[in-house]
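To keep things clear, I will list the structure first and then write my remarks on it.
Small disclaimer: the values here were computed from a predicted structure and weren't measured. Just so it is clear: chains get the letters A, B, ... in the order the sequence lines come, proteins before strands, and each one is counted from 1.
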Amino acid sequence: MEYFERFAIPHPSPAIYASMVAIGLTVIAIIVGLTYFKKWGYLWHEWLTTVDHKRIGIMYLISALLMLFRGGADAIMMRAQMAVPDNTLLDAQHYNEIFTTHGTVMIIFMAMPFIMAFMNYIVPLQIGARDVAFPRLNALSFWLFFMGAMLLNISFVIGGSPDAGWTNYFPLANNEFSQSVGTNYYLFALQISGLGTLITGINMIVTILKMRAPGMTLMKMPMFTWSSLVANVIIVFAFPVLTVALTMGTFDRLFATNFFTTSDGGMDMLWANFFWVWGHPEVYILILPAFGIYSEIISTFSGRNLYGYKSMVGSMVIISFLSFLVWTHHFFTMGQGALTNSIFSITTMAIAVPTGVKIFNWLFTLWKGKIVFTTPMLYSMLFIPTFTIGGVTGVMLGMSAADYQYHNTMFLVAHFHMVIIPGVVFAMLAGLHYYWPKMFGFMLNEKIGKWTAWIIAMSTLLAFMPMFFSGLDGQARRMYTYSASTGFGLWNMLSFIGAIGLTIGFILIVYNVIYSIRYSPRNVGSDPWDARTLEWATPSPVPYYNFAKVPHVISTEALWDAKYRQHDLFPEPYEKIHMPNNSGVPFILGCIFFAWGFSFVFGMWIPTILTTIGIFICMAHRSLEKDPGHYVPVEKVKATESKLRGSQL
Amino acid sequence: MKIDQSLPLEYSTQQNQLNILGFWVFIGAEIMLFGTLFAGYFVLVDRTGNGPTGADIFEITPVLFETFILLTSSFTIGLGIHAMRKGYTKAMIGFYILTLVLGIVFIGFEVYEFMHYIHVGAGLQTSAFTAALLTTLGTHGAHVTFGVFWGMFIVYQLIQRGLTPETANKSFIFSLYWHFLDVVWIFIFSFIYLKGMV
């Protein structure tokens, strides 16, 4: 019996049993549904084996939205627990697990795939390419991310969730204080999905550097492509640090090494340093592509080219550089001396300068522009003031002396939510509405979209502004309850109401999608927003080969030139198009990685060895395989184009 | 596939050029990986707990052998690429096999070295120092081991398929990998062993 006890949940509660039943029913429903509608073949041939960057982008998007609700459920449980003093809805252990998985899921498995979705979908289109540099690796990246996400998500029904915070500080995360296998799940889920992210980083850098359309020099790339390039450079430099840190943590937990222990020479601060050497650049991996999306949207709906293109690029490069020089501001109070604190305080506050440059560039783009208030534009407009509140409180936290007051309080929680939600989540929702017609060939409903944008923005303020005040009053974060005499009750109740508002907002997005699938007019054309960049030059939805002819570019706004300056975007004749073949190997390899991670979590060594061999067999298969891809003949391209474009061209 | 005859075989198609650039970017990530391991090692090098220090356990003889063997293998794979550029497939295969044999001998020495460390009481669990040492060395050793298997598949393909743009590309990328491992070893030799022994 002892063998099976490891798989039991250490702290079961009715909520967890209900989730178990829900997961079981959902899986059965999916299997029955696929069988009943005979969709297994469709699923395998069109999605699971696809190497098309657009479909991979859509799969990232679906995963990100699912994880948004998973992390959101954690959030609403936390806010409900904190809403009134001395609440007993959750016990302390359950609360620990929930804030840990909320942070991990939202950063790693919601925000990251959300930006990956847009990077995958948009970047090849913006640079006039037919796919990414390594389509097969791209599919592998997605499946590694997905299996990592699933591995973390089964933790709360098999063996217990991680409970040491999303920062997983050792020695709290060590076996002694974190006794369930939860932290093992954390380590392997992040390791596997991190590997996928690193592969995407390499893939995207090569794609952007080598596969741009003729005429598109680096300084003629659209801003989202630039931001993706910078973010991917950060990925390549930051993620290996996480790999090493996670490996050391794994060794400490599974093989009783002494990297982060407090005896035998181990050094707990080493984890904190490694984690934040990755973790701080990570927030810029998220925010820079989000800035890129805002740049596209603000420029499109102001009817103007982006103000200060070169300073936009320069500020991003400076931010990417500074992002690696500030990690120590995450532990100003952990005893590193005044000089170190001062240096990191200055580098931290310096980031506000290039970020401010970007804010002013957006404002100057709006200035004298013909502003059209669509849903994406509304999100962008709500972003600027809300994000600025989050940004200036970041400068407050960056002052190391003052940080002794704020650190580890709700003030910090308020700060990073006020940065990440307007910065990343608003951008992703704006991008979702903006690129939806490109992805699916119809628009999301504008009226519901605008209502949603206002509800989400106002609820964000309501949910997180009170935390600034309760934090300054001394409410520590990560405590699971408080007494009425502290006076935190009102602030937390306001936050809870804000959290309900956010829930309503996110449910409205789902409603909008369903509503628009049913009622939105089809055939919106290739360019419904009167946009400026190359991705809008292809039909919507985009054919699998992206561009029938290779586009020729003369400025940052290729489509605008073609529409209003008589520039011939496609001067070349039709040619046959080379496309990669689909492959089931990335999906299978992803599944093996899932089994590998699961075996490791429970220290089941025979399955671990077998799955490791399986991973190498897949790699050997890839090495020996001959896969030259296939050609799409000219007649087929012409037929597809005339069918998709109709009378447009 | 368009093949550009004016370029060396390994660069002759667009996919080949993408593969090579991609691998250089991957090496950038590998530099960060080993950089982090070195950083961890230097933080923990003096934190030996009750275990031995580097000066207690390092032995110059096997380390010198390892160094000479790995440097030689980097030279032989260079000769292999030179033969490839000249179109001498058989010579190239010979040099590649020689490289892999040297790699296996290197791994043999490293296994001996690890057994020695465990024998003298410097196992993975002894102290933070030994954990960092064995992890850093072990990561490099695992890379070499992986490289030996990878190289075998490439030699097999060279024998089966001869020198094509694809096999040339794979061979060239493998040589980049192998040289990179050598560079990492030079850092290990200088900053772990030599610095630890003085």
Side-chain angles (χ1 to χ4, degrees), chain A residues 132-134 137 195 198-199 201-207 209-211 232-233 235-245 247-248 251-252 255-267 269-271 273-274 277-278 324 578 580 616 619-629 631, chain B residues 1-2 13-15 17-41 43-51 53 123-132 134-136 138-139 146 149-154 156-157 160-161 164 166 170 174:
Chain A
V132 294
F134 312 113
L137 276 182
L195 187 60
L198 177 66
I199 296 172
I202 295 169
N203 208 340
M204 284 289 159
I205 290 175
V206 177
T207 306
L209 289 181
K210 293 285 264 189
M211 297 179 76
N232 282 302
V233 171
I235 285 176
V236 167
F237 283 102
F239 268 77
V241 182
L242 180 70
T243 305
V244 171
T247 308
M248 288 178 171
F251 275 35
D252 266 12
F255 307 130
T257 55
N258 295 294
F259 286 108
F260 308 128
T261 55
T262 46
S263 58
D264 291 320
M267 191 186 202
M269 282 309 291
L270 187 62
W271 169 269
N273 277 286
F274 279 167
V277 168
W278 161 78
F324 281 94
H578 182 255
F616 284 111
M619 293 166 93
H621 171 265
R622 178 56 178 152
S623 175
L624 297 174
E625 185 187 24
K626 283 182 179 171
D627 181 21
Y631 279 97
Chain B
M1 279 290 156
K2 270 179 245 152
T13 68
Q14 202 213 359
Q15 190 61 46
Q17 294 169 17
L18 295 176
N19 291 350
I20 291 170
L21 178 64
F23 200 77
W24 277 111
V25 180
F26 172 71
I27 286 180
E30 287 275 83
I31 289 170
M32 283 308 291
L33 182 92
F34 281 104
T36 311
L37 282 168
F38 278 119
Y41 177 80
V43 167
L44 300 172
V45 64
D46 295 325
R47 304 175 70 95
T48 52
N50 297 319
T53 64
L124 197 59
Q125 297 158 352
T126 308
S127 67
F129 159 68
T130 58
L134 296 179
T135 310
T136 310
T139 307
F146 178 80
F149 282 103
W150 181 8
M152 282 181 194
F153 280 94
I154 283 171
Y156 171 79
Q157 287 173 58
Q160 288 284 312
R161 299 174 193 171
T164 66
E166 265 125 45
K170 289 179 181 182
F174 178 67

### Query
Does the pair Q14(B) and K210(A) meet the rule for a side chain to side chain contact (heavy atoms under 4.5 Å, CB included), with working shown?
CA-CA 9 Å; Q14(B) 202 213 359; K210(A) 293 285 264 189; 5.5 Å; no

### Message
Atom CZ of residue position F38(B) - does it have more than 12 heavy atoms of other residues, nucleotides or ligands inside 6.0 Å?
### Response
yes

### Task
Check each atom of F274(A) against the heavy atoms of chain B and say whether the ones under 4.5 Å are side chain, backbone, both or neither.
side chain

### Query
Is it the backbone or the side chain of M269(A) that comes under 4.5 Å from a heavy atom of chain B, or both, or neither?
neither

### Task
Measure the spacing between CG of L33(B) and CZ of F239(A) and express it to the nearest 0.5 Å.
14.0 Å

### Message
What part of L209(A) gets within 4.5 angstrom of chain B, counting heavy atoms only: side chain, backbone, both, or neither?
### Response
side chain

#### Entry: Expected output: side-chain N258(A) to main-chain Q125(B) donor-acceptor under 3.5 Å
yes

## Note on the structure
Distance col, row H578(A):NE2 vs Q15(B):CD, nearest 0.5 angstrom, shows 8.0 Å

### Inter-residue atom distance F26(B).CZ - N203(A).CG, 0.5 Å rounding
13.5 Å

### Value rounded to 0.5 Å, distance of CZ in F259(A) from OG1 in T135(B)
3.0 Å

### Query
Of the backbone (N, CA, C, O) and the side chain (C-beta and beyond), which part of T243(A) lies under 4.5 Å from a heavy atom of chain B, both, or neither?
side chain

### Summary
Ranked by heavy-atom pairs below 4.5 Å to chain B, first place among L270(A), L624(A), V241(A) goes to L624(A)

### From L44(B) atom CG to M248(A) atom CE, the distance as rounded to the nearest 0.5 Å
6.5 Å

### Message
For the interface with chain A, which of T126(B), N50(B), L134(B) has the highest count of heavy-atom pairs at distances below 4.5 Å?
### Response
T126(B)

### Interatomic spacing from CZ in F134(A) to CG in L18(B) - rounded to 0.5 Å
5.5 Å

#### Entry: Region of I205(A) in contact with chain B, defined by heavy-atom distances below 4.5 Å
side chain

### Options W150(B), F146(B), F34(B), ranked by heavy-atom pairs under 4.5 Å with chain A, top entry
F146(B)

### Query
Looking only at atom types and distance, does a side-chain atom of K170(B) sit under 3.5 Å from a main-chain N or O of S623(A), one as donor and one as acceptor?
yes

### Task
Heavy-atom distances under 4.5 Å only: say whether I202(A) touches chain B with side chain, backbone, both or neither.
both

### D627(A) CG: over 12 foreign heavy atoms closer than 6.0 Å
yes

